[in-house]
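Single-structure report; data block below.
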Amino acid sequence: MKTTAVSRLEAAPWVKDAWEQTVKKVLRTSARIGAEFPHASQGGTYVLEAPHWWTAGFWPGLLWLLHEGQGDANLPFREIAEECELKLDEVLDGYDRLDHDIGFMWILTSVMNYKLNGGEESRRRALKAANYLMGRFNLKGNFIRAWNPWSEGEDNSGWAIIDCAMNVPLLQWATRETGDPRYSHVAEAHIGTVLKHFVRTDGSVRHIVRFDSQSGEVAEFIGGQGYGPESAWSRGTAWAVYGLTLAAKHTGRKDLLDAAKQVSHFFLSQLPEDSVPAWDFRAPEETKRLRDSSAGACAACGLLLLAELVPPAEASGYRSAGERILKSLYENYGSFGEEEEGLILHGTSHYPERKNMDVPLIYGDYFFVEGLARLRGGVTIPWE
Ligand code: GLY
């Protein structure tokens, strides 16, 4: 449980401005959305999803960051975040809709609530979720299984995805909380597989690796939400930037820190002039006008954390890269003067299925707010 008072850094004027505008805008939006689960904004309004959808943690997570950052008990943010957490019980207890994304969902709700307020119910929920996530581990292939069959007879029991690098911090938290090392053993084994089979020698990253779920041998690389098996999906790269950096922090392992740097260098080398990535770094040029602002926001948070883990001589490069991305998101992609519920425009959720392209996405908004909170300092970060 967090007991110390937060201390803020003297933030740059643009950060102060962005934070104030964000608080105002989210206050307005929260009156409509309340304790629901937004995903992508269409025509200016967030479309709400069922609580089992993988993005269900991001809205309450964003509200917790604003709650702590503002320190104003009169704002409704805490109450709404707690109501969202309660609504997720139906998913946790219902079991059938759970998959690897349980980390995204309960790190941003129950773990965060527990870190800030120390409630026993929140702790129990997060530990239940961690036990479930650990149960998805494939011992032969050393990976946490992604998804469940979507249709009768479908076998995706050997699929592992890069996104899961952001789910394993739930396991590291569970070990810190209980003293039981089994959770972190599984987290490290999965991240070891990320190093071995997902990160390419040039620092780019695969989305899906299919293993033979019986033997654990690699069977195939799949493009997934990227352009193809050999492309470089930018949000997948961002999941790796941040996930590997968190893994380096949680374990103190140099090989993970080196991998986090390698993927970060690849990510940064691919950015266009305004520092916000195309949806896939290796997509055909004509589709690259489609950006993914959510990938930029997520990677920026990873870069700001990476700056804290490296020697001082290296830190300023990562910190200024993270800040540069966030500033561009605010100045060039921010929707603050508009009739639009999303905070940052031009996210791409799933290009291969042509779903939610060029729209605000709740995880883009969440990581934008986390980035601002990091730049202001003195903040509780759920994944850490
Ligand atoms: N599958 C999670 C994502 O869209 O990044």
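When a ligand or atom number is given, it counts from 1 through the structure's own listing order.
For the pair R206 and F198, the cation-pi criterion (under 6.0 Å, within 45° of the ring axis) is not fulfilled.
At a cut-off of 3.5 Å, with distance as the only test, no side-chain donor of S234 or W279 sits close to an acceptor on the other residue. Side-chain polar atoms of E370 and W383 form a donor-acceptor pair below 3.5 angstrom.
A donor-acceptor contact shorter than 3.5 Å is absent between the side chain of H250 and the backbone of Q172. Looking at N356, its side chain never comes within 3.5 Å of a backbone N or O of A40 through a donor-acceptor pair.
Those atoms of ligand 1 that come under 4.0 Å of a heavy atom in R235, given as number and element, are 3 (C), 4 (O), 5 (O). Contact atoms of ligand 1 toward W233: 3 (C), 5 (O) (distance under 4.0 Å to a heavy atom of the residue).
Considering both main-chain and side-chain atoms, W239 comes within under 3.5 Å of ligand 1 through a nitrogen or oxygen pair. Looking at ligand 1, you won't find any N or O of S349 less than 3.5 Å from one of its N or O atoms. At a 3.5 angstrom cut-off on N or O pairs, W54 does not count as close to ligand 1.
At a heavy-atom cutoff of 4.0 Å, ligand 1 is contacted by the side chain of Q225 but not by its backbone.
Partner of F58 under the ring pair (Phe, Tyr, Trp, His ring centres under 6.0 Å) criterion, chosen from Y366, F368, Y46, W53: Y366.
Looking only at protein heavy atoms, the nearest one to atom 1 (N) of ligand 1 is D163 OD2, 2.8 Å.
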